[in-house]
There are 2 protein chains.
Amino acid sequence: MHRHEGHDACRTAAPDMVARAEAICRERGLQFTPLRREVLEAVAGSGKAQGAYDIAERLSAPGKRVAPVSVYRALDFLMEQGLVHRIASRNAFIPCGHDHAPGEGVIFLICRTCGGVDEASSADVEGGLERTLERAGFTPTHSILEVEGDCGACRERDHAP
Amino acid sequence: MHRHEGHDACRTAAPDMVARAEAICRERGLQFTPLRREVLEAVAGSGKAQGAYDIAERLSAPGKRVAPVSVYRALDFLMEQGLVHRIASRNAFIPCGHDHAPGEGVIFLICRTCGGVDEASSADVEGGLERTLERAGFTPTHSILEVEGDCGACRERDHAP
DNA sequence: CCAGCGGTGATACACTGTAACAAACCCGCG
DNA sequence: CGCGGGTTTGTTACAGTGTATCACCGCTGG
């Protein structure tokens, strides 16, 4: 099991994300186009989960409009490559700064105060879930685990301002 | 820990759901209105997760239109009373046939073949999650755990038709 | 050259959810 | 009885989320 302390400490910076994405795409023979790069930067640039329409607006400038549909396509691509995650409970997207083991379950820790999203994983949780599913006769293909609450940083800040 | 075998076996039938809802509302001094009753029946009547607009359509008849917003309000009420759950990954709703311990985590098992949703819970998973959150310095307020896959019934049916 | 393919732009549309206000209903109180 | 206040519902409008479709562009391989 590994874990992460705070969402700031563990979040890979945007330039690193881009470099990693370039490497992955080159390795897999896929195109890391300017649009995809901009979308990834937009997602990685903010510390919080971004909606597709937020991203579209952020990438748009007077004279250069980026339609949400283009953002969705780029996000689909980035998700397939494991470079961003979708937060179902928020309809929003975050960059993924980790190399997840294939099939490894991710736990999203969503701070309701600062909006930051941290990723964690736990062999305990995963093992328990596996056993539970097996007992239920259920064969999983995909699972999401999202926790909303207060991250340590926000709790401290609010506690002793 | 308790568990459930299949989504058919564990799903409380619609009439029972209504009876239980009536009892709960009486006990809590709340109104179990015809609309709320119809919405609950609609959610409980189908074996699968229902969208709010599906419910609205199902409850509408020539001359009697039920607007989605009314369905949402009824669903909000029923969720507050713990009579239905929302499946975030599907934007859909299912009846809740269990008496959940307060604060008990629920695991939703969503069959991608038949669309049925089963509920499970696991002390292992819950404990592991608690420990993981504590180590991360994260104070949870709400968490969702949804697993997509194939339920036992569908797997058997497809395996030996 | 050109046929095909992936990516993008653009428009339209479907689906999901909420805000705001008015009307109906219920219930207790004077 | 009538009246006032809370809750529920109806209605309209709108915001937010996501997809389908077609056209165009640019590249690449025959």
Side-chain angles (χ1 to χ4, degrees), chain A residues 21-22 24-26 28-43 48-81 83-94 115 144 146, chain B residues 21-22 24-26 28-43 48-81 83-94 115 144 146:
Chain A
E22 275 173 345
I24 286 176
C25 289
R26 196 164 37 239
R28 300 179 188 172
L30 302 170
Q31 305 180 35
F32 190 61
T33 65
L35 177 64
R36 289 170 180 173
R37 173 199 166 97
E38 284 168 37
V39 169
L40 179 57
E41 284 173 343
V43 174
K48 9 190 345 186
Q50 299 282 303
Y53 279 65
D54 297 335
I55 297 170
E57 193 177 349
R58 177 190 284 229
L59 295 185
S60 291
K64 176 211 173 202
R65 174 181 123 92
V66 176
V69 60
S70 299
V71 174
Y72 276 111
R73 285 191 286 229
L75 286 171
D76 286 343
F77 173 85
L78 295 170
M79 278 192 290
E80 275 168 18
Q81 308 313 317
L83 292 164
V84 312
H85 292 298
R86 179 185 152 78
I87 307 297
S89 60
R90 293 278 182 115
N91 295 327
F93 302 84
I94 59 166
I144 64 176
E146 301 176 7
Chain B
E22 274 175 344
I24 286 176
C25 289
R26 196 163 38 239
R28 300 179 188 173
L30 302 170
Q31 305 181 35
F32 191 61
T33 65
L35 176 64
R36 289 171 180 172
R37 174 198 166 98
E38 284 168 37
V39 169
L40 179 58
E41 284 173 344
V43 173
K48 7 185 354 181
Q50 299 281 302
Y53 278 64
D54 297 334
I55 298 169
E57 193 176 350
R58 178 190 285 227
L59 295 185
S60 292
K64 176 209 171 201
R65 174 182 123 90
V66 177
V69 61
S70 298
V71 174
Y72 276 110
R73 285 191 286 229
L75 287 171
D76 286 344
F77 172 86
L78 295 169
M79 279 193 290
E80 276 168 17
Q81 307 313 319
L83 292 163
V84 313
H85 292 298
R86 179 185 152 78
I87 308 296
S89 60
R90 293 278 182 115
N91 294 328
F93 303 84
I94 60 165
I144 65 175
E146 300 176 7

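Labels below follow one simple rule: chain letters A, B, ... track the order of the sequence lines, proteins then strands, and each chain is numbered from 1.
- Scored by the salt bridge (charged side-chain N to carboxylate O under 4.0 Å, His left out) test, B/Glu57 finds no partners at all (sequence neighbours excluded).
- Atom CD of A/Gln50 and atom P of D/dG16 are 14 Å apart (whole Å).
- Residue pairs meeting the side chain to side chain donor-acceptor pair (under 3.5 Å) criterion with at least one member in residues 68-77 of chain A: none, sequence neighbours excluded.
- Residues in residues 31-43 of chain B take part in these salt bridge (charged side-chain N to carboxylate O under 4.0 Å, His left out) pairs, two or more places apart or across chains: B/Glu22-B/Arg37, B/Arg37-B/Glu41, B/Glu38-B/Lys64.
- Remark: B/Ser89 engages B/Glu146 in a side-chain hydrogen bond (donor to acceptor under 3.5 Å, both in side chains) (not counting sequence neighbours).
- Judged as a side-chain hydrogen bond (donor to acceptor under 3.5 Å, both in side chains), and not counting sequence neighbours, A/Arg90 has no contacts.
- Taking each heavy atom of A/Val71 and A/Val66 in turn, the nearest pair found is CG2-CG1, 3.9 Å.
- By the side-chain hydrogen bond (donor to acceptor under 3.5 Å, both in side chains) test, A/Asn91 pairs with A/Arg86, sequence neighbours left out.
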Checklist entry - Can you give one letter per nucleotide of nucleotides 11-18 of chain C, going 5' to 3': B for a protein heavy atom under 4.0 Å from the base, S for sugar-phosphate only, - for none? => result B----BBB

Just the table, please: protein N/O against nucleotides 5-9 of chain D N/O, every pair under 3.5 Å.
from	atom 1	to	atom 2	distance (Å)
D/dT8	OP1	B/Arg36	NH1	3.2
D/dT8	OP1	B/Arg36	NH2	3.3
D/dT8	O5'	B/Arg36	NH2	3.2
D/dT9	OP1	B/Thr33	OG1	2.4

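- A straight line from CE of A/Met79 to C1' of D/dT17 spans 13 Å, rounded to a whole angstrom.
- Every residue meeting the side-chain contact (heavy atoms from CB on, under 4.5 Å) condition with A/Leu30, not counting sequence neighbours, appears here in chain and number order: A/Cys25, A/Arg28, A/Phe77, A/Gln81.
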